[in-house]
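The structure under discussion appears below in the form of structure tokens.
Just so you know, ligand 1 is whichever comes first in the structure, and atom 1 is the first atom listed for that ligand.
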Amino acid sequence: MKTLWGTPHDISSPVVAKVSRSYLSLWSNPTILASEEPHFGFGHTGLLTSSEVPPSKTEGKPCLTGIPYEELSELRDGDIVKLYPDGRALRIWEEGSHQNVVFVTEKCDCRCIMCPQPPNPDPQPSLWQENKQILSLVNPKTTTICFTGGEPTLELDQLKDLLSICKRRFPDAALSILTNGRRFADFEMTRQLVGIQNKHLLFCVSLDGDTEDVHDQIVGVGGSFGQVIRGLYNLTRFKQLVELRFVIMRQNFKRLPYYAEFVYRNLPFVSHVAFMGLEYTGDAAKNLHTIRIDPTEYAGLLREAVLHLHRRQINVSIYNVPKCLLPRDVWCFAQDSISSWKKSYVDACLPCQEKEHCCGVFTTSIVLSENIKPIGPIGRERSE
Ligand code: SF4
Ligand code: SF4
């Protein structure tokens, strides 16, 4: 999520509001004006401005001054921001983007060695009310909403509530839940969640190995593999759409072809399998030396796994791996998967013919592949 910084005025606790670029607010919900001028406009509950000077009368309304002009100009009508007393403005919703997420909780019952956002061990205030507020501010025409964490199913009542709100407010939106899948081993819990009957709901379940020892070692909790498999069968009993997510790292890359065969034999009902490159941040950065692997090292095995599933008519994709690190015959499976706010390109990408169709690299990763090389005109894999 993009963070803007300014000088805070009258912000004693976090404030969530919808951004407006119009001087006059006609919305009933709280709006915050984004403007170069130090005025609150009419009907707004706060102000984000590039002006260094605060409005002459702040009337106790929250205000951030001195935000760099280029950053302020990126904010659009309908974005949702969260202002903090320390002068941060976090863009928590980007109007029109298909990559918006709702963070249900920071808690998690796994300890994955590659977790990009490690769970906070300290008790945190519930995000339930804030998330309800966010959903009430989101444009009703929104087409995609993703629920993530931490582990969203650990806050079951909140998750059910948020899904119910989505059913009423965004009946046709494509919803997804990113989950480690453990709690779906509980049939009753699964029944309750799917009982809300959202029209388009996808469960994106992490399964990082085809054997108990590989998966459980990665997620740091014994018995997880069995729970996830039971959970996948429970979800399927309720005819739910399921995506499997496999993050490729040193501990599991050799299993790629076996994983594909395992899925075909045991989980052929999944609607999609996503093989994902690593984002070296959070615990993945901390454990860099044990998990790091260059995509060129696993490209051949990944190709084998992808084509194996594809030939068996199981939908399959590659996320977060630049095309120049993949064999050409699996480029069509590589998705533009990195969220726009943390996606970047390196200098070598400048002349690349595939830049427009490439996921790029994570700005958040502490290391990048040394094998990134521009792709030349058709017929040549790489320019020299
Ligand atoms: S990667 Fe997901 S499941 Fe694993 S510890 Fe992090 S939040 Fe939990
Ligand atoms: S050179 Fe850059 S843009 Fe081209 S495929 Fe590689 S990472 Fe993508």
| His200 side chain to Leu175 main-chain N or O, any donor-acceptor pair under 3.5 Å? | no

| request: Give me the ring orientation class for His39 and Tyr23: parallel if the planes are under 30° apart, tilted from 30 to 60°, perpendicular past 60°. | output: perpendicular

| Between Asp109 and Arg183, is the closest basic N to carboxylate O distance under 4.0 Å? | no

| query | In the shown structure, where waters are left out, how many protein N, O or S atoms lie under 2.8 Å from atom 4 (Fe) of ligand 2? | reply | 1

| field | Non-hydrogen atoms of Ser365 and Tyr280 that approach each other most closely | value | OG-N, 2.9 Å

| request: List for me each residue that meets ring pair (Phe, Tyr, Trp, His ring centres under 6.0 Å) alongside His310, sequence neighbours excluded, and say none if there are none. | output: Phe333

| note | The protein N, O or S atoms lying under 2.8 Å from atom 8 (Fe) of ligand 1 are Cys108 SG

| request: Classify the ring geometry between Phe225 and Phe262 as parallel (under 30°), tilted (30 to 60°) or perpendicular (over 60°). | output: tilted

| task | Compute the centroid of each ring, for Tyr259 and then for Phe246, and state whether the two points are separated by less than 6.0 Å. | result | yes

| said: Please report whether the ring centroid of Phe238 lies less than 6.0 Å from that of Phe184. | reply: no

| field | Under-4.0 Å heavy-atom contact between protein and atom 2 (Fe) of ligand 1 | value | no

| task | Check ring pair (Phe, Tyr, Trp, His ring centres under 6.0 Å) between Phe147 and all other residues, then give those that pass, not counting sequence neighbours. | result | none

| message | Can you give me the closest heavy-atom contact between Ile218 and Met249, atom names plus distance? | response | CG2-CE, 3.7 Å

